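What you see is a predicted model; the values in this text were computed from it and never measured.
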Amino acid sequence: MPPGQCGTMYEAIISCSRFALQDHFVDSRKSLCYGQPNFRIEDLRHRNRMGIPARLWDHIIGRDLHAAAGWASLAIILISSPNLASADGFRNPFHDAAAIGQGNAFAAQADNASAVFYNPAGMTQLHGVQFAGGAQFVSVNTKFTSPTGVTTQNDKPFPIGLPPPGQFFLTANLKDLGLSALGDLSAGLGVQNLYGFAAKYPANGPFNTSVTYAQLPLMAIKPTLAYKVTESLSIGLGADILTFASFLGEGHAERRFQAPPGSGFPASTELELNGKGTTAGLNASFLYNPWRTDDGKPRLSIAGIWRSQAVLPLNGEFRANGALVANASTSIRLPEVWTGGVAFWPLRNQEREWKLEVDLDYVRWQSIRTADVQLSNGAVLPSPQQWKNAVTVNVGTEYKWLGLTDNQAWDVALRTGYIRSHTPVSDLSFDPAFADNNVNVASVGVGFLCHAGGKLFGLISCADSEKRLLTKTSMGLDLSYQALVFDARTVTGSPNPTVNGTYRTTNHAGGLTFRVSF
């Protein structure tokens, strides 16, 4: 999604695997890949659990530098995999169906619980306690044609990727909860998939030495605060804690591929790279409303959000047919992001609301220049990166009818939007795991919000009739659809010739968000 994933890690770990093998070739007797400083070549032979013939295994752990050179061509071709739903590297900016339906142009509106992500300063607009949870259902469709006419496409066991990326947000206006001593302070928490993906290609495909399977189930936890400085200005401050969890995918970033010719492994040996770690970054934001309606609702809003870069340490392994070959560690820089937005309501009264918004994201991918690898024997392996900064433009609109039905229990919104996102990935860094390129995204959405007197699905009362600790005041459901049409991309400069060719990608994504206010 915009499709995205943690790319530099893969190149780093793959570089590690290449040089770990080379370390065996140079002097297997002093290899520390198994964490044993007195490791002997006889011990290494004893660890042949991959079903490799004894003579070939002896050859692999010998001093065959020619075989090691075969790994060099592979080591530089693989760098992270961005979110498989849009361009802009491996960043996933889609986290609420109401926002997605209007082209993700939501930073200057930010008037539901997803403000925790889109603009934390917007939380001061919310009353009481608000909850939102949702998921995006993504169908990725990438077709590849080699220069010689060989074709393949990504494997899809199901029409959509499972499990789908999801999120939940919780906000609380502390003054509404009786904590007036803290002033106009609001608190929020979000759990989401800021960087994540999964990709699978046939094991017998044309670039199976590059990738057959890859995933990045990176989870983000976002504790956030917002304060209303004046009636027109609010500010927000929060943290982005990025980590892996055992219940998401394999609990680590992972990449699988087939042994390339000259690697010293038999053809069809499945090689695996994995790694995990935890890091944290900061975010700061503001929301300024210089023009309001007579009843105090924003008529013009200006927003700004800054998200710091963060360094994610990764500790991983290289395995062949499940057997450990080497341990390695590296780190990657998650980019700094600047977002600005302007929203204007040409119409906003007690019956109708019409909003127009334009947002701009500027992502400093160019800061990712290296992903040096630390081997378990103390060696440092350079892994240079070549990324460029990227810009995404979001344009969207929302038209809302308020107080529909005789008891005025329902609000209904229609939404549409457009996104143009630019890829930061060069041919040199291109990876089939995310066939990334510039992308055009068209989106539509609809939202339903019911208050006292209404019933969601005709069954669930939207508001509580009795006062309690948390009295439910409304419930809502938002739906969205996106068509992501990537520019066709012909890759000619990959260090792995099997990757060169033309990639055509068209993705479809549906989104659902359920929300409750107390």
Side-chain angles (χ1 to χ4, degrees), residues 93-119 121-127 130 132 134 136 167 169 171 287-293 295-303 305 339-361 392-405 408-420 440-451 454 474-483 509-517:
F94 303 120
H95 297 284
D96 180 79
I100 295 170
Q102 47 189 312
N104 233 34
F106 197 66
Q109 181 177 351
D111 58 358
N112 64 39
S114 69
V116 170
F117 167 72
Y118 285 96
N119 185 352
M123 293 192 304
T124 61
Q125 303 177 103
L126 309 178
H127 295 286
Q130 308 231 356
Q136 289 73 52
Q167 58 285 136
F169 303 102
T171 67
L287 183 64
Y288 179 52
N289 308 123
W291 184 12
R292 291 180 176 270
T293 63
D295 55 357
K297 293 182 178 181
R299 192 75 182 269
L300 177 67
S301 293
I302 302 171
I305 304 95
T339 299
V342 178
F344 172 62
W345 283 261
L347 173 66
R348 195 162 203 182
N349 55 40
Q350 298 296 325
E351 298 179 348
R352 304 282 189 274
E353 292 184 356
W354 177 29
K355 187 212 74 165
L356 303 169
E357 182 167 345
V358 177
D359 292 355
L360 181 72
D361 292 339
T392 297
V393 179
N394 309 274
V395 181
T397 185
E398 175 185 66
Y399 196 94
K400 188 181 295 185
W401 292 265
L402 308 177
L404 295 181
T405 70
Q408 298 186 333
W410 286 89
D411 300 340
V412 177
L414 296 180
R415 306 169 178 121
T416 190
Y418 169 78
I419 301 171
R420 176 64 176 178
N440 296 289
V441 185
S443 63
V444 294
V446 61
F448 306 94
L449 183 68
C450 73
H451 312 273
S474 66
M475 300 176 68
L477 180 67
D478 295 293
L479 304 172
S480 65
Y481 166 76
Q482 294 174 291
L512 178 152
T513 300
F514 175 73
R515 59 187 84 256
V516 185
S517 300

I'd like to know if the side chain of [X] reaches the main chain of [Y], judged simply by a donor and an acceptor atom lying under 3.5 Å from each other, with no hydrogens or angles considered.
X      : Y      : answer
Gln130 : Arg515 : no
Glu398 : Gln102 : no
Asn440 : Arg420 : no
Asn394 : Ala105 : no
Thr513 : Ala97  : yes

Practice problem: Could you pull out all residues at least two apart from Tyr118 that satisfy ring-ring contact (aromatic ring centres under 6.0 Å, His included)? | Solution: Phe106
Which atom names give the shortest non-hydrogen contact between [X] and [Y], and what distance separates them?
X      : Y      : result
Ser474 : Leu449 : OG-CD1, 4.0 Å
Pro298 : Gln125 : CG-OE1, 4.0 Å
Ala108 : Leu287 : O-CD1, 3.7 Å
Ala409 : Gly454 : CB-N, 3.6 Å
Thr416 : Ser443 : OG1-O, 2.9 Å
Asn112 : Ser114 : OD1-OG, 2.5 Å

Practice problem: Quickly, which of Thr392, Val393, Val342 forms a side-chain contact (heavy atoms from CB on, under 4.5 Å) with Leu360? Name it, please. | Solution: Val393
Exercise. Answer yes or no: does atom CH2 of Trp354 have more than 12 heavy-atom neighbours from other residues, nucleotides or ligands under 6.0 Å?
Key: no
Quiz item: For residues 100-117, which residue pairs qualify under salt bridge (charged side-chain N to carboxylate O under 4.0 Å, His left out), counting only residues two or more places apart or in two chains?
Solution: none
[Y] and [X], any side-chain heavy atoms less than 4.5 Å apart:
X      : Y      : answer
Asp411 : His451 : yes
Gln136 : Ile100 : yes
Asp359 : Asn104 : no
Phe94  : Gln482 : yes
Gln350 : Leu402 : no
Asp478 : Arg415 : yes

Quiz prompt | side chain to side chain contact (heavy atoms under 4.5 Å, CB included) assessment of His95 paired with Phe169 | solution = CA-CA 10 Å; His95 297 284; Phe169 303 102; 4.1 Å; yes
Quiz item: For the atom pair NZ (Lys400) and CG (Leu414), what is the distance rounded to the nearest 0.5 Å?
Solution: 11.5 Å
Quiz item: Looking at CZ of Phe117 and CD1 of Ile305, how far apart are the two atoms once the value is rounded to the nearest 0.5 Å?
Solution: 9.0 Å
Quiz item: What residues form a side-chain contact (heavy atoms from CB on, under 4.5 Å) with Thr293, not counting sequence neighbours?
Solution: Asp295, Lys297, Arg299, Arg348
Quiz item: Ion pair present between Lys355 and Glu357, side-chain N to carboxylate O less than 4.0 angstrom?
Solution: yes
Exercise. Show your working on side chain to side chain contact (heavy atoms under 4.5 Å, CB included) between Arg352 and Trp345 and close with a plain yes or no.
Key: CA-CA 10 Å; Arg352 304 282 189 274; Trp345 283 261; over 6 Å; no
